Protein chains: 2
Amino acid sequence: MRIGELSRRTGVSVPTIKYYVREGLMPPGELTSPNQASYGEAHERRLRLIRALLDVGGMKVADIADVLAAIDDRERPLHKVLGAAADLLGGANTEQDDPEEVAARAAVTDLISRRGWQTYESSPAAADLSRALAAMARLGHGAFVEVLDDYADAAEEVARADLAYVDRQVAVEDMVEGVVIGTVLGEAVFSSLRRMAHVDASAKLYGTDGPRERKAK
Amino acid sequence: MRIGELSRRTGVSVPTIKYYVREGLMPPGELTSPNQASYGEAHERRLRLIRALLDVGGMKVADIADVLAAIDDRERPLHKVLGAAADLLGGANTEQDDPEEVAARAAVTDLISRRGWQTYESSPAAADLSRALAAMARLGHGAFVEVLDDYADAAEEVARADLAYVDRQVAVEDMVEGVVIGTVLGEAVFSSLRRMAHVDASAKLYGTDGPRERKAK
DNA sequence: GGATAGCGGATAGTGCTGCTATCCATTCAG
DNA sequence: CTGAATGGATAGCAGCACTATCCGCTATCC
């Protein structure tokens, strides 16, 4: 398959494919002559993965390059690949030392030990959580920590479902890629579901028109 | 309070505050003389909200402007504000009609009716979900729909926790803003928790070093 | 065998986003 | 009275994900 057909089959323009190759997101085609290369199914699959991580997962090209490099590195142990993926999903780490930030970090440490989670307070996910909680506290929603355990219950439920899926579904050689897909796209899936459930719960609590309109008109 | 103090107290630079005002994210200060304005606590609070939605929620400035306009419009009923917020959180709607996309939409319709959710197939959240499921299917993970119900259980749990929190915590006049904060920042919170739970579940299943290393060394 | 479409490779440019820099005339604080 | 700060406006910048253009070559079709 040449680049034109690869482009047609994936809906990604030829210059964009070239760009991805340049950026190290996928290997170049195999040269059959000085200016002719052939691409295989692996390229097609990789391209779809890139588009999924970009469009659905909202990742940046540079971060995708890191994750894919980790996936391609067959020496790297699974948990390191996952660590690389998980670490790149979060926001930038703008370290602050507000009182809110400190309190949030303490709450996160508490949560981790209360849950008996094998995570570290210093992990990017924990840092993101602290930042989010600190932001809520600054907005007068410090009490949100009280529902953290409900959130954590749900998070554990999702994590169990993910692991079970990966465990039974994916062949071993694809496991790394499968887990990355599950981690990144699963987030998009859950996020949509949460918004849908939110609308539903709100409708059931307040009626379709919402509380503001109950005495209106 | 003048703009300099507002800047110092929030850590947002003066030109950036001016920029937010220009973009309609917050009202200008009250002019006390032709080139002197005073800002109040409402401005400070608004600025913190903007930074939270930007930095933690990952929203775009233009979308934040829309949401804040909805919040400020006291005529608008709660559910419309929430709709505006929820709709702006998703990705762009790149309509396609792959077989995968069609199948994914069918799966979503199924899910909604199975759950009895008061949502519509055409809502942005449902569209996002379809896109995510279609992307998974294209990557050979069509079987992911089998865990959708586990995800939905968790999503309902989170939505219930959110609603309960808002219901007991927030004064009525702040309810709209509170729900937006909960929706947007709650997503960041859950995302962090999911990644942490993921690491924990993985560690417990495979041991700290992951499966790849069990026979290494 | 000659036109033409496509190719690999490289460089420069584009549109969008979230600011940042600079300038100006005015005004407030010490 | 002087120097810092202010409101208002315009222009510029850095990062990102492409996109356009050009080059010399080659596979392909008639």
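Hydrogens, waters and symmetry mates are skipped; everything else that's a heavy atom, side chains included, is used. Below, chains carry the letters A, B, ... as their sequence lines are ordered, and counting in each starts from 1. All figures in this text were calculated on a predicted structure; none of them were measured in a lab.
- In this structure, B/His198 has no ring-ring contact (aromatic ring centres under 6.0 Å, His included) partners at least two apart in sequence or on a different chain.
- Of the two residues contacting DNA chain D, namely A/Ser13 and A/Arg2, the nearest-nucleotide position lying further toward the 5' end is that of A/Ser13.
- Classification of the B/Phe144-A/Tyr165 ring pair by plane angle, with boundaries at 30° and 60°, yields perpendicular.
- Without hydrogens or angle criteria, A/Arg138 side chain to A/Glu100 main chain gives no donor-acceptor distance under 3.5 Å.
- Atoms CD1 (B/Ile3) and C1' (C/dC28) sit 16 Å apart, rounded to a whole Å.
- One atom, CE of A/Met1, and another, P of D/dA27, lie 18 Å apart when rounded to the nearest Å.
- For B/Phe190, the ring-ring contact (aromatic ring centres under 6.0 Å, His included) test picks out A/Phe190, with sequence neighbours left out.
- A heavy atom lying under 4.0 Å from DNA chain D marks the following residues of residues 32-51 of chain B, by number: B/Asn35, B/Gln36, B/Ala37, B/Tyr39.
- Distances were taken from every side-chain heavy atom of A/Thr16 (C-beta onward) to each of D/dT19, C/dG8, D/dG8; the shortest belongs to D/dT19.
- A salt bridge links B/Arg45 with B/Glu177: at least one charged nitrogen is closer than 4.0 Å to a carboxylate oxygen.
- Taking the side chain of A/Leu31 as heavy atoms from C-beta on, and the options D/dC18, C/dG8, C/dG18, the nearest nucleotide is C/dG8.
- What separates CZ of A/Arg22 from C1' of C/dG9 is a distance of 9 Å, to the nearest Å.
- Taking B/Arg8 as the reference, B/Glu5 meet the side-chain contact (heavy atoms from CB on, under 4.5 Å) condition, with sequence neighbours excluded.
- The pair B/Asp55-A/Arg131 fails the salt-bridge criterion, with no side-chain N (NZ, NE, NH1 or NH2) lying under 4.0 Å from an Asp/Glu carboxylate O.
- Protein atom OH of A/Tyr19 is 17 Å distant from nucleotide atom P of C/dT14, rounded to whole Å.
- Pairing partner, D/dC30: C/dG1, with both Watson-Crick or wobble hydrogen-bond distances short of 3.5 Å.
- Separating the CD1 atom of B/Ile17 from the P atom of D/dG7 is a distance of 9 Å, rounded to the nearest angstrom.
- In this structure, the NZ atom of A/Lys18 is 11 Å from the C1' atom of D/dC22, given to the nearest Å.
- Residues satisfying the side-chain contact (heavy atoms from CB on, under 4.5 Å) criterion with B/Glu121, sequence neighbours excluded, are B/Thr109.
- Against DNA chain C, the stretch residues 58-68 of chain A makes no heavy-atom approach under 4.0 Å.
- Rounded to whole angstrom, the span from the OH atom of B/Tyr20 across to the P atom of C/dG18 amounts to 9 Å.
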Inset, instruction - Report the C-alpha distance between A/Tyr20 and A/Arg51 in whole Å, list the side-chain angles of each, state the deciding distance to 0.1 Å, and finish with yes or no for side chain to side chain donor-acceptor pair (under 3.5 Å). - result: CA-CA 11 Å; A/Tyr20 290 157; A/Arg51 297 311 307 208; 2.9 Å; yes

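- With rounding to whole Å, A/Glu5 atom CD is found 17 Å from D/dA27 atom P.
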